[in-house]
Amino acid sequence: MVLLGPEQIEGYMKNSNIIRHYTKLQTIPLNARFILEICEERGCSFGEFIADWPGSNIIGLWCLLAKRGARLGGRSAAGFLRLAGKDTFLLTSDVVARLKVEGVIDHEPASQRDLQAVQDIFNQLQQNSGRPLCQLSAMLSLSIHPRF
């Protein structure tokens, strides 16, 4: 994937069996390079790197993915980590709404300070309940919806 060139990307754009978004396809060699760099730096597989990252600093992993990966900012990092099997919370609009009601934040978290406040509350919830971050995220999300 690291060697994937423009010709191959054009070929993928013609393949109706995959998502054909040119900008997203262009990230394949960039993210492949990023993965290889992490493996070389850390002396382990990318899976081990992700698995060993402490859940108590999941926002740190989000930031690393956003900074060094391609198109992995915003909610993309958390979504990718979930797909990769890493326990993480998601900052959906319902989770953010619940955190606002609880006074943890007063706006959509964007700064490192805001994200750290969210991480801190998730760490506290996890310590108190023993539940994974993904379950805590889902419970917060469901608790704000009036039908629940």
Side-chain angles (χ1 to χ4, degrees), residues 1-2 4 6 9 12-13 15 17-148:
M1 294 286 105
V2 170
L4 191 65
I9 291 173
Y12 286 125
M13 287 296 292
N15 184 340
N17 293 324
I18 64 170
I19 297 171
R20 291 166 295 173
H21 188 282
Y22 191 74
T23 307
K24 290 179 182 177
L25 286 171
Q26 287 178 311
T27 68
I28 293 170
L30 301 173
N31 283 326
R33 244 180 252 112
F34 160 58
I35 288 169
L36 291 176
E37 288 169 1
I38 291 291
C39 293
E40 188 175 303
E41 291 168 14
R42 305 292 173 126
C44 64
S45 72
F46 192 70
E48 289 172 305
F49 167 73
I50 296 292
D52 291 343
W53 193 280
S56 61
N57 182 27
I58 204 70
I59 62 164
L61 185 52
W62 292 359
C63 290
L64 182 135
L65 291 171
K67 182 178 178 181
R68 296 193 52 194
R71 295 184 60 91
L72 289 173
R75 293 184 185 173
S76 296
F80 162 73
L81 292 172
R82 279 268 182 102
L83 288 172
K86 179 70 174 173
D87 183 30
T88 185
F89 53 88
L90 299 178
L91 287 178
T92 65
S93 57
D94 286 339
V95 170
V96 169
R98 180 35 125 207
L99 294 173
K100 285 180 185 178
V101 167
E102 296 302 321
V104 174
I105 54 175
D106 60 7
H107 57 276
E108 181 85 23
S111 70
Q112 280 302 112
R113 187 174 137 190
D114 295 341
L115 289 171
Q116 189 59 57
V118 172
Q119 178 75 65
D120 291 345
I121 198 66
F122 271 94
N123 290 347
Q124 183 181 356
L125 290 168
Q126 189 173 47
Q127 186 175 21
N128 292 344
S129 68
R131 293 187 178 275
L133 297 171
C134 62
Q135 286 181 5
L136 295 169
S137 178
M139 286 188 282
L140 288 175
S141 178
L142 294 171
S143 71
I144 199 72
H145 197 287
R147 289 189 301 182
F148 299 105

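Residues: numbered from 1 along the sequence shown.
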Is any NZ, NE, NH1 or NH2 atom of the basic residue among R33 and E40 found under 4.0 Å from an Asp or Glu carboxylate oxygen of the other? no
Under the salt bridge (Lys or Arg N to Asp or Glu O under 4.0 Å) test, residues paired with R98 that sit two or more places apart: E102
What are the two closest heavy atoms between T88 and A78, and how far apart are they? CG2-O, 3.5 Å
To the nearest 0.5 angstrom, please state how far the CG atom of D52 sits from the CG atom of L61. 11.0 Å
Could you check whether any side-chain heavy atom of D94 comes within less than 4.5 Å of a side-chain heavy atom of L140, counting everything from C-beta outward? no
Between L136 and S129 the two heavy atoms that sit nearest each other are CD2-OG, 3.6 Å
For the side chain of K86 and the backbone of I50, is there at least one donor-acceptor N/O pair under 3.5 Å apart? yes
side-chain contact (heavy atoms from CB on, under 4.5 Å) between I105 and V96, intermediate numbers included: CA-CA 8 Å; I105 54 175; V96 169; 4.0 Å; yes
Please test R131 against L125 for side-chain contact (heavy atoms from CB on, under 4.5 Å), starting from the C-alpha separation and ending with a verdict. CA-CA 8 Å; R131 293 187 178 275; L125 290 168; over 6 Å; no
Can you name the closest pair of heavy atoms from I121 and L99 and give their distance? CG2-CD2, 3.9 Å
Using ring centroids (six-membered ring only for Trp), state whether F89 and W62 fall under 6.0 Å. yes
Roughly how far apart are R42 CZ and E48 CD, rounded to 0.5 Å? 12.5 Å
Determine the minimum heavy-atom distance between A110 and L115, stating which atoms define it. O-CD1, 4.2 Å
If you define the side chain from C-beta out and look only at heavy atoms, does anything of L72 sit under 4.5 Å from N31? yes
Do L133 and Q126 come within less than 4.5 Å of each other through their side chains, counting heavy atoms only? yes
Provide the closest heavy-atom pair for L4 versus P29 in the form atom of the first, atom of the second, distance. O-CG, 3.7 Å
Can you pull the side chain to side chain donor-acceptor pair (under 3.5 Å) pairs that have at least one residue in residues 109-119, sequence neighbours excluded? H107-D114, S111-D114, Q116-D120, Q119-N123
Within 6.0 angstrom of E41 CD, more than 12 heavy atoms from elsewhere: yes
I'd like to know if R68 pairs up with E37 as an ion pair, taking the criterion as any Lys NZ or Arg NE/NH1/NH2 lying under 4.0 Å from an Asp or Glu carboxylate oxygen. yes
Over 12 foreign heavy atoms within 6.0 Å of NZ, K100: yes
Using 30° and 60° as the class limits, which term best fits the ring planes of F46 and F34: parallel, tilted or perpendicular? perpendicular
Between R71 and Q26, is the side-chain contact (heavy atoms from CB on, under 4.5 Å) condition met? List the steps. CA-CA 10 Å; R71 295 184 60 91; Q26 287 178 311; over 6 Å; no
Shortest non-hydrogen separation from V95 to S137 and the atoms involved: CG2-O, 3.4 Å
Suppose we screen for side-chain contact (heavy atoms from CB on, under 4.5 Å). Which residues come up paired with C134, at least two apart in sequence or across chains? R82, D87, P132
Are any side-chain N or O atoms of R75 and backbone N or O atoms of L91, one a donor and one an acceptor, separated by less than 3.5 Å? yes
